[in-house]
Amino acid sequence: MNKIERIERIEKCIDIIGGEIVGRKKLHKLIYLLQAKGIDFGQDFIFHFYGVYSPTLSVDLHIAEDLGILIEETSGPAFKIQLKEENGSGEAKCGSGTEKELVKFLADQPASVLEVLSTMVYLHQEGFDGERLSAKLNELKKHLEGHFPKAKELAKELYDIKLS
Amino acid sequence: MVKFFRDPIHDIIRVEEPHILKLIDSLAMQRLRHIRQLGLAWIVYPGAEHSRFCHSLGCYHLAKRVTHHLRSTIPGKLDDEQIKILLTAALLHDIGHGPFSHMFENLCNQDLGVSYKHESWTKRIVLEDKGVNSILKSVEIDDFPQKIVGVYSKTITPYYLCDIISSQLDVDRFDYLLRDTHMTGARYGNFDQEWILRTLTISKVKNIVEVEDEEGNQLGEIETVVIDGKRGLSTLEQHILGRHYMYKHVYFHKTIRAAEAMLRMILKRAAHLIIDGHDIIGNAAFQKLVKNESIPVDDFLTLNDFLILSWVHEWAYSAEDDILKRLSQDFISRRLFKCDILDVGGKEYADKRDKLKEILKDDITYFFVEDEPKDIAYKDYFYQIKKEKSPQEIWFLNREGKPEQLSGYEGLLSAGKNALNFNTVYWHMPEEVLKRLNN
């Protein structure tokens, strides 16, 4: 997948959720979770204290801004990433109905829930399961403990990850 | 037993830990002698023949020095077990690299449609290779192999342990920058390593990346490796600028990239011939790779630079396939692809793309590569920090001892983050095609 194709997919994803998303970090988690469901964005992720993070996505967002596709501005403590008016259709033509529903559903979740959920998916992919996964999640994301129940529910429902 | 290695960067590397000595002698580590640190950079910089093996030893050595420094200056931050984990993780961090390092990842992921990440192979080798895994299991630390993998996955705590092996201030970058600078002879990357090591410390920093509770309070603090800015800021600037210039003039060098693109096309052609049933290579790992079959670790460990170059030489003289023979002959004769550098998007890009398709027709499959600097998993600070609040931020302690982000510091580096063009792509193709394209 080349630069242009990757940026088009990001653009379509943001279009599906109404042309904007608040939180750079939330966008990283969202794309990671969608990739984990098999929707390819061509992005590589690493894990960080802040959860999954993609240096390649970060660069692609800069390029999209330079090309005049997106704008990013501060919105309180976070960043708002939005399509420029001429680029958003308001009704994305890409992806199946199910994919669109998934994108919208995940984007509707709070950033902190996505952070916990993406950490669980990452740990699962790294071979953690059951009690080990629970313990590691607690070790890494204790400061987001209040969001564990919702994230666990989504992990089971969407990614078939079971915890003790 | 103690062993001493003479090293052009660190002078003498002393190894005394029994399990490290055994790991150095393992097949997986010895294989790194046959993988060049800089892929095909020797095509442009004749001295750049150094291997992943010497870089790995260098990382082990620096991990030892950094952990010793941190333990002696901040008591209680590192215990014996953690140090053993870090030294071992530093030594083994590159054992999953394929031939020609990052070139092989581009070949697999972009040309063959096969997912390959050297980090994943490093973890597999630590957990599955009989030689490496049995040595690690003999160390009296519970789940030692898993803990090594945890460093690479960044799932071990405290977080600063991971920082020492992989961050903007890690031993990997410290070693490769000085080593690549020395071996290429391109002196952009020199920095005062002795001083920077002495200014490393550990500090709590704020969670800067958009996490709040319901009341809008920032959540979480990280304990991370930082620079003592009172003493180390100038050296840090020197290090970052050195890295940037090395990316610009060595790692992104268009002729090196063109040579790698050409080798990718040779192997892509070979892969397609194998898929079509031609018996051109006996190597089990490459056969399985191109067919997207699972590769056992033992097979993977047979792959190295020299093996692949031996295939290319053989194909240059005796391949029956014309495309494979022509590309191989051109490669060994150094008649490399030529490179056009342009910006993606816009009319010029689209027009040129159309014209190129018209010139090359079916040959576009093997005689053209669009290549992005991003492909080589660059670690240039400026690429990751164009905006503030990046997780790739570097922190330093200011004169009051408070942590500050380097991206907000109005020093020499403040202009650098705006100096990059992210849109650039390299187009590699035969010289005659490039001439027609630009006529």
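Residue numbering restarts at 1 for every chain, and letters A, B, ... go by the order of the sequence lines.
- For the salt bridge (Lys or Arg N to Asp or Glu O under 4.0 Å) condition, no pair includes a residue of residues 157-168 of chain B, sequence neighbours left out.
- A distance of 7.5 Å separates CD1 of B:Ile156 from NZ of A:Lys136, quoted to the nearest 0.5 Å.
- Other residues, nucleotides and ligands contribute at most 12 non-hydrogen atoms within 6.0 Å of the NZ atom of B:Lys254.
- Proximity to chain A (any heavy atom under 4.5 Å) is restricted, for B:Thr424, to the backbone atoms N, CA, C and O.
- Side chains of B:Lys117 and A:Asp44 form a contact here, defined as non-hydrogen atoms less than 4.5 Å apart.
- For A:Ile7, no part lies under 4.5 angstrom from a heavy atom of chain B.
- Judged as a ring pair (Phe, Tyr, Trp, His ring centres under 6.0 Å), the pairs with a partner in residues 108-128 of chain A (not counting sequence neighbours) are, in order, A:Phe47-A:Tyr122.
- Residue contact with chain B, scored on non-hydrogen atoms closer than 4.5 Å, involves the backbone and the side chain of A:Ile63 alike.
- The minimum heavy-atom distance linking A:Asn2 with B:Glu370 is given by the pair CB-OE2, 3.7 Å.
- Heavy atoms only, all atoms of each residue included: A:Leu67 and B:Val344 are closest at CD2-O, 3.6 Å.
- Ranked by heavy-atom pairs shorter than 4.5 Å toward chain A, the options B:Ser120, B:Ser153, B:Ser166 are led by B:Ser153.
- At a threshold of 4.0 Å, the pair A:Glu126-B:Lys123 counts as salt-bridged, since one of the basic side-chain nitrogens sits closer than that to a carboxylate oxygen.
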